[in-house]
Every structure is written in structure tokens, then in C-alpha cells.
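Worksheet: one structure, shown below.
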Number of protein chains: 2
Amino acid sequence: MQIKIDNASTRPIYQQIIDQIKRDIALGRLKAADKLPTVRQLAAQLVLNPNTISKAYRQLEQDGIIVTRPGAGAYVAELSSNLSKSVRKKLLCEQIELLVVEAVHMQIDARTLGEWFDGTAKKFKFTDSEE
Amino acid sequence: MQIKIDNASTRPIYQQIIDQIKRDIALGRLKAADKLPTVRQLAAQLVLNPNTISKAYRQLEQDGIIVTRPGAGAYVAELSSNLSKSVRKKLLCEQIELLVVEAVHMQIDARTLGEWFDGTAKKFKFTDSEE
DNA sequence: ACATTTGTACTACTTCATATAGTACAAGTA
DNA sequence: TACTTGTACTATATGAAGTAGTACAAATGT
């Protein structure tokens, strides 16, 4: 596990850990059933309090991203979502709006933003389209 | 000004105000030189402390989104960005990554996400492309 | 069976962001 | 001059974030 904490960031540490684990899974670097570092291992490696790692793992388990078992460890779960399609669309579109608003205020034109979007999306392992 | 505060949201109130003013500008509902509500007006309307509104306005002025003058009021500024293109790209692409990671974990395929992205972007008034 | 490892739960504490409350002031407006 | 407006300041209360330390139940390895 290669996780980097940016202490200058306003983003909470436990959230940065969540971000990077979810990112590694979405990139395909972590796959279902892969073992994650133990809470104490990762805490030692990042020089953080174990409670902070535990908080990140707890949140990831809550969201169905990983499975944890005391004594065994933490493992990547199968991709799944218990949310309805409409709720997922609502959540994502809210995030898309914030992104687009930022782009407009940065005076980035629509074509350029679209290119950056496509270029970024290309790196990730999406679920197959249902066609 | 039509601003709605979601008290159930984890997003700070002053940030919600910033979000919605930037959104209205990006949508074209607010244009350069338009007058914003006074701090005390908006505080009374939303039943909030004037300091909270002031914090939002201060942040917006800091980001060059609005111009404020004591005695006169707050006005929408011209669109501009003092950031280099590379910094803007970095900031936006980080936000795009977070969005795409969320989409992958929600099992939304690339084509669907692209459609939602285009559909949302279409509503906003982008800077013209330089072609 | 036993010792170890692992995630979890809990309390206590510090620090910082958020939000409110109230006052005061300088600049612009009428 | 009287009023409005954004700003600055102090003080206070609340909650999140992070650290520190202890304890416990479940899984593992021997």
C-alpha cells in the first residue's frame, strides 16, 4: 500500500486515506479479496494514531467498499451499490455541477473541460456498459 | 436572490452560500456588476448571523468573484482567474478524479457518466473556446 | 489449549472550524 | 448630517478531527 498524507491539505487525514483506497480500487490496483494493511501496520507506516486508520476502515466498511473481521484483517469487497439508480444520479450530478461551476469561474471552455474529463476517466476501470 | 440552506447537510452554511452564488453566476442568472443582497438583508432573510454571510462574501471577494465596498454593497465582478493554466488544470483534474472514482464505485458505466456530464455542462455559460 | 494478531469500543484530552452574539468603525449614500 | 454598508474585533458555544491509552472479542498459528 502506497498512501501519502498531505498535512497541508484541509481534507481530513482519514478522508485522504479513504480517497486513496477507493482510487486504487477504481484504478484496478486493488482487486476484490485483496488484503489491506492492518490498522496498526498502516498507523506505524504513516506515523498516525491507529484510531485515525480505524475511522477510515470503519467508513469504508460502512460504504460496502471493504470487509473487516477482527483477528483476520481488512479485505477489498466486491463492487456493489445498494443505492437506487436515481439516488446515484442525483449524488453524482450534484458533484458534476460543482465541478462545472469551478471550471466556468476558472474560464476553462467546455471543450477543454470535456477533454480533461475524458482523459481522466480513461485511466479507470468502469463497470461494463449494459448495451 | 434565491438561496436555500440545507441544515441537514454537512457542508458549512457559509460554503453553501458561496456555492449557490457561484452557481448563479455560472448559470448566467447573475451577471457582472449585478448588486448582491446586503449582508444584513441576507442574514435576516435566511435567519442567520451577519458574520456568517460576511464570511461567505469575504471568501468570494478573496477569490475575485465579487467586489465589495463599505457603504456601497457587494457586486458581481468580471470573470477572471489569476491562476496559471497548469494550476487550473491540476485543481480541476483532482476534482474530476474524485468524481470518476465515485462513479466507478457506484457501478455507473463510462458512457452513462459521460451523458450525465454533458447534460449538466450544457446548462452553464462557459467562456468561449479559443479556436 | 495457548499466545498472538486483528478490528473494535471506549474514555479523556487538545486543537481547530463553524456559528452565534454584540460592539465599533470607516467608507459610501441620500 | 443621518443612514447604510462591509469590515474588524472580542467572546462564547458546539462539534469534528486527531492523539493517547486501555480493554475486549474474534480469528489465526503453533
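So that the names make sense, note that chain A is the first sequence line, chain B the second, and so on, each numbered from 1. Predicted, not measured: the structure shown is a model, and the values here were computed from it.
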Atom NZ of Lys35(B) and atom C1' of dT29(C) are separated, to the nearest Å, by 11 Å
Here the distance between atom P of dA19(C) and atom CD1 of Ile17(B), to the nearest Å, is 9 Å
Quick tally for nucleotides 18-30 of chain D: nucleotides whose base has a protein heavy atom under 4.0 Å get B, sugar-phosphate-only ones S, the rest -, giving SBBB-B--BSS--
Heavy-atom closest pair (Asp109(B) atom, Thr127(A) atom, distance to 0.1 Å) is CB-O, 3.3 Å
Whole-Å distance, Glu61(B) CD to dG6(D) P, equals 11 Å
Leu60(B) CG to dG6(D) C1', in whole Å, measures 14 Å
Axis-to-axis angle for the helix from dA1(C)-dT30(D) to dA30(C)-dT1(D), ends of five pairs each, to 10°, equals 30°
Check this one for me: any side-chain N or O of Ser54(B) less than 4.0 Å away from OP1 or OP2 of dA8(D)? no
Applying side-chain hydrogen bond (donor to acceptor under 3.5 Å, both in side chains) to Ser84(B) and not counting sequence neighbours gives Ser86(B)
note: Asn7(B), atom CG; dT14(D), atom P; distance rounded to Å ~ 17 Å
So the side chain to side chain donor-acceptor pair (under 3.5 Å) pairs with at least one residue in residues 87-108 of chain B (sequence neighbours excluded) are Lys22(A)-Glu102(B), Arg23(A)-Glu97(B), Lys90(B)-Glu94(B)
Rounded to the nearest 0.5 angstrom, the CG-CD1 distance for Asn51(A) and Ile53(A) is 9.5 Å
Looking only at heavy atoms, the pair that brings Leu30(A) and Val76(A) closest together is CB-CG2, 4.3 Å
Across all chains, not counting sequence neighbours, the salt bridge (Lys or Arg N to Asp or Glu O under 4.0 Å) partners of Arg29(A) are Asp24(A)
List, one per line, each side-chain donor-acceptor pair under 3.5 Å for residues 116-126 of chain B, sequence neighbours excluded.
{"unit_1": "Thr120(B)", "atom_1": "OG1", "unit_2": "Trp116(B)", "atom_2": "O", "d": "2.9"}

When rounded to whole Å, the CD1 to P distance for the pair Ile66(A) and dG7(C) reads 9 Å
What about Val67(B) and Leu60(B), same hydrophobic cluster or not, with Ile/Leu/Val/Met/Phe/Trp/Tyr joined at side-chain heavy-atom distances under 4.5 Å? no
Rounded to whole Å, the CG-C1' distance (Leu36(A) to dT6(C)) equals 13 Å
| message | Between Thr52(A) and Asn49(A), is there a side-chain donor-acceptor contact under 3.5 Å, judged purely by atom types and distance? | response | no
